[in-house]
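These values consider heavy atoms only, across backbone and side chains, with no hydrogens, waters or symmetry-generated copies.
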Amino acid sequence: MTGEVWILGGTGRSARAIAAALVEVGVTPVLVGRDAGRLAEAAKGGRTVVAGSAAAMAEEIRRQRPAVVVNTVGPFTETAAVVVRACLPGSHYVDLANDLAAVSAVLGFDAEATAAGRTLVTGAGFGVTATESVVVKLCEGQAAPVKVRVDMVPSLETEAGPVGEALAATILDGLPGVPGGGRFDGRRYRGGRLVRAAVGAEAARLVLPDGTTVTTASVPLGELVAAQRASGAPDVVSASSEAPSSPVVRAVLPVAMALLGNARVRAFAKRRLAAVTLKARERPREHSWGHARLEWADGTVREGWLRVGEAQAYTGAVPAEVVRRLLAGEGKPGAHTPAALFGSSLAEACGGEYLV
């Protein structure tokens, strides 16, 4: 095994942010991707590995055995399991997944990772880390709550360019393999089990600590399983300011979801969405926020926030800090989400600030 840190998808925006954050702590990563020219430009003289698919990346991981592999290549429902299997038993694994299906799939490798003595960390981006960290913070020294709601409020600066195939697939592929409902249903925890829930339901108007307001609504993200595991609560909802919350959109959603159940329609929709060109946009607010509200059986309610900067920048800082800790031997064999492994201090080490 080498002491190298590999970033898969090395020319993407997230990969560039992670690479920059790693360099700041003295780690020069190896960038891995399919375009040799773009890799060389991004690496600025550093080592690169050319691999044109998740399968090819997995083969190089098995052959060269880097110390840590950071996976930024979506859709994670297609790439995570392939790369995790290649990492075991030789490499630690970190990814940025925040879709429920992918996060759940990586956590399902816990026994294999424990047996191999390796650490898998899924959800090491803004959404899972920001919300889960608040839950961990509020649960410190407490019994398990009975209800948890987490809200993700990202402030993202958008780069001009196409949506791309990976993001389009992540948005439109639904929740393959997730129990509790259909592929295109929402989810929540009730009685400790995943059950069907409407996407965009349970809308809430939140007053942010800076005095501004935002509406969030339920959406089945990786934050859901992370919050449930971190708290032990039987009743958990995950919500986001990016979820559709207007009555009109919510009325149309069931029809749209039904159409996506047709493979041909879904493939067509993914092609069209991938080709959509986004305009550059400044971030809508100064800060991004993770929020959690916990309720205990005796009626006690605790609420907290994590304040960070631009969400994409935080998505670079978190995996870099996770990698630093793994290289320092601070990991634990098994499959984890970030705050469940490293505690609430991880978010602060990445520049976050709690308001409880």
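Formation of a donor-acceptor pair under 3.5 Å by the Thr337 side chain with backbone atoms of Ala226 is not found in this model. Proximity of a side-chain donor or acceptor of Trp305 to a complementary backbone N or O of Gly290 within less than 3.5 Å is not detected. Under the 3.5 Å distance criterion, the side-chain polar atoms of Tyr314 are left unmatched by any main-chain donor or acceptor of Gly127. Checking side-chain atoms of Arg16 against main-chain N and O of Thr11 turns up a donor-acceptor pair under 3.5 Å. The backbone N or O of Phe126 lies less than 3.5 Å from a partner atom in the side chain of Thr315, making a donor-acceptor pair. Without hydrogens or angle criteria, Arg325 side chain to Glu330 main chain gives no donor-acceptor distance under 3.5 Å. Here the side chain of Thr129 pairs a donor or acceptor atom with the backbone of Gly123 at under 3.5 angstrom. Although no hydrogens or angles enter the test, the distance criterion places no donor-acceptor pair under 3.5 Å between the side chain of His336 and the main chain of Leu341. Of the possible polar contacts, none joining the Glu286 side chain to the Gly309 backbone as a donor-acceptor pair under 3.5 Å is found.
Using a 3.5 Å distance cut-off with no hydrogens or angles, the side chains of Glu310 and Ser288 do not pair a donor with an acceptor. Inspection of the Glu223 and Thr131 side chains reveals no N or O donor paired with an N or O acceptor under 3.5 Å. Between His291 and Glu303, the side chains place a donor N or O and an acceptor N or O closer than 3.5 Å (distance only, hydrogens not considered). A side-chain donor-acceptor contact under 3.5 Å links Arg149 and Thr216.
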Check against side chain to side chain contact (heavy atoms under 4.5 Å, CB included), Met57 and Val73: CA-CA 10 Å; Met57 292 174 183; Val73 180; 4.2 Å; yes
Applying side chain to side chain contact (heavy atoms under 4.5 Å, CB included) to Leu100 and Arg187, what does each step give before you reach the verdict? CA-CA 9 Å; Leu100 180 58; Arg187 297 289 195 282; 3.9 Å; yes
Verify side chain to side chain contact (heavy atoms under 4.5 Å, CB included) between Val134 and Val150, making sure each step is shown before the conclusion. CA-CA 9 Å; Val134 182; Val150 292; over 6 Å; no
Checking Leu221 against Val103 for the side chain to side chain contact (heavy atoms under 4.5 Å, CB included) test, could you report, in this order, the C-alpha distance in whole Å, the side-chain angles of both residues, the deciding distance, and whether it holds? CA-CA 9 Å; Leu221 298 173; Val103 170; over 6 Å; no
Go through it in stages, so that I can follow the logic: the residues are Thr300 and Glu295, the test is side-chain hydrogen bond (donor to acceptor under 3.5 Å, both in side chains), and I'd like the CA-CA distance, side-chain angles, deciding distance and then a yes or no. CA-CA 6 Å; Thr300 299; Glu295 182 177 336; over 6 Å; no
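The line from CG of Asp151 to OG of Ser241 is 8.5 Å long, rounded to the nearest 0.5 Å. The distance from atom CD of Glu202 to atom OG of Ser238, rounded to the nearest 0.5 Å, is 9.5 Å. We find the CD-CZ distance between Glu140 and Arg302 to be 8.5 Å, quoted to the nearest 0.5 Å. Distance check, rounded to the nearest 0.5 Å: CG of Asp99 to CG of Leu224 gives 12.5 Å. Atom OG of Ser104 sits about 7.0 Å away from atom CG of Leu194, to the nearest 0.5 Å. Between atom SG of residue Cys139 and atom CD of residue Glu132 there is a gap of 10.5 Å, rounded to the nearest 0.5 Å.
For the pair Val237/Val148, no side-chain contact is recorded, criterion being any heavy-atom separation below 4.5 Å from C-beta on. A 4.5 Å side-chain heavy-atom check between Glu321 and Leu346 finds at least one atom pair inside the cut-off. Side-chain contact check for Thr122 versus Leu96: every heavy-atom pair is 4.5 Å or farther apart. Annotation: side chain of Asn71 is not in contact with side chain of Val84 (no heavy-atom distance under 4.5 Å). Counting only heavy atoms from C-beta outward, the side chains of Leu206 and Thr215 never approach each other to under 4.5 Å. A heavy-atom distance below 4.5 Å is not found between the side chains of Val121 and Tyr93. Side-chain contact check for Asp95 versus Leu120: every heavy-atom pair is 4.5 Å or farther apart. The shortest side-chain heavy-atom distance between Val94 and Val69 does not fall under the 4.5 Å cut-off.
Taking every heavy atom of both residues into account, Asp110 and Ala335 meet most closely at OD1-N, 2.9 Å. Minimum heavy-atom separation, Ala292 to Leu294: CB-CD1, 3.9 Å. What you find for Val199 and Pro220 is that their closest heavy atoms are CG2-CD, 4.2 Å. Smallest separation of non-hydrogen atoms from Trp6 and Gln64: CZ2-OE1, 3.6 Å. Here the closest non-hydrogen pair linking Ala101 and Thr77 is CB-CG2, 3.7 Å. Nearest approach of Pro338 to Val128, heavy atoms of both residues: CD-CG1, 4.2 Å.
Comment: Glu159 engages Arg13 in a salt bridge, judged by a side-chain N to carboxylate O separation of less than 4.0 angstrom. Checked for salt-bridge contact, Asp173 and Lys270 meet the test: a charged N lies under 4.0 Å from a carboxylate O. Using a 4.0 Å cut-off between charged nitrogen and carboxylate oxygen, Glu59 and Arg63 do not count as a salt-bridge pair. Using a 4.0 Å cut-off between charged nitrogen and carboxylate oxygen, Arg183 and Asp185 do not count as a salt-bridge pair.
Cation-pi check for Arg307 over Tyr354 is not met; the charged atom does not lie both under 6.0 angstrom from the ring centroid and within 45 degrees of its normal.
For Arg47, the CZ atom sits in a packed shell: over 12 heavy atoms of surrounding residues, nucleotides or ligands are nearer than 6.0 Å. Heavy-atom contacts from other residues, nucleotides or ligands closer than 6.0 Å to CD of Glu282 number 12 or fewer. No more than 12 heavy-atom neighbours from other residues, nucleotides or ligands sit within 6.0 angstrom of CD on Glu41. The number of heavy atoms from other shown groups lying within 6.0 Å of CZ (Arg62) is above 12. Residue-environment remark: CD (Glu165) stays at or below the threshold of 12 foreign heavy atoms within 6.0 Å.
Hydrophobic clustering, with ILVMFWY side chains joined whenever heavy atoms are under 4.5 angstrom apart, groups Ile7 together with Val50. Placement of Val356 and Met152 within a single hydrophobic cluster is found when ILVMFWY residues are connected by side-chain heavy-atom separations under 4.5 Å, directly or transitively. Val225 and Val318 fall within a single hydrophobic cluster, where Ile, Leu, Val, Met, Phe, Trp and Tyr side chains are chained together by heavy-atom contacts under 4.5 Å. Hydrophobic clustering, with ILVMFWY side chains joined whenever heavy atoms are under 4.5 angstrom apart, groups Leu107 together with Leu326. Under the 4.5 Å side-chain heavy-atom criterion for grouping Ile, Leu, Val, Met, Phe, Trp and Tyr, Leu306 is not connected to Leu208 through any hydrophobic cluster.
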Can you give me every donor-acceptor pair (side chain of residues 23-38, partner residue at least two apart or in another chain, under 3.5 Å) with its distance?
residue	atom	partner	partner atom	Å
Asp35	OD1	Gly37	N	3.1
Asp35	OD1	Arg38	N	3.1

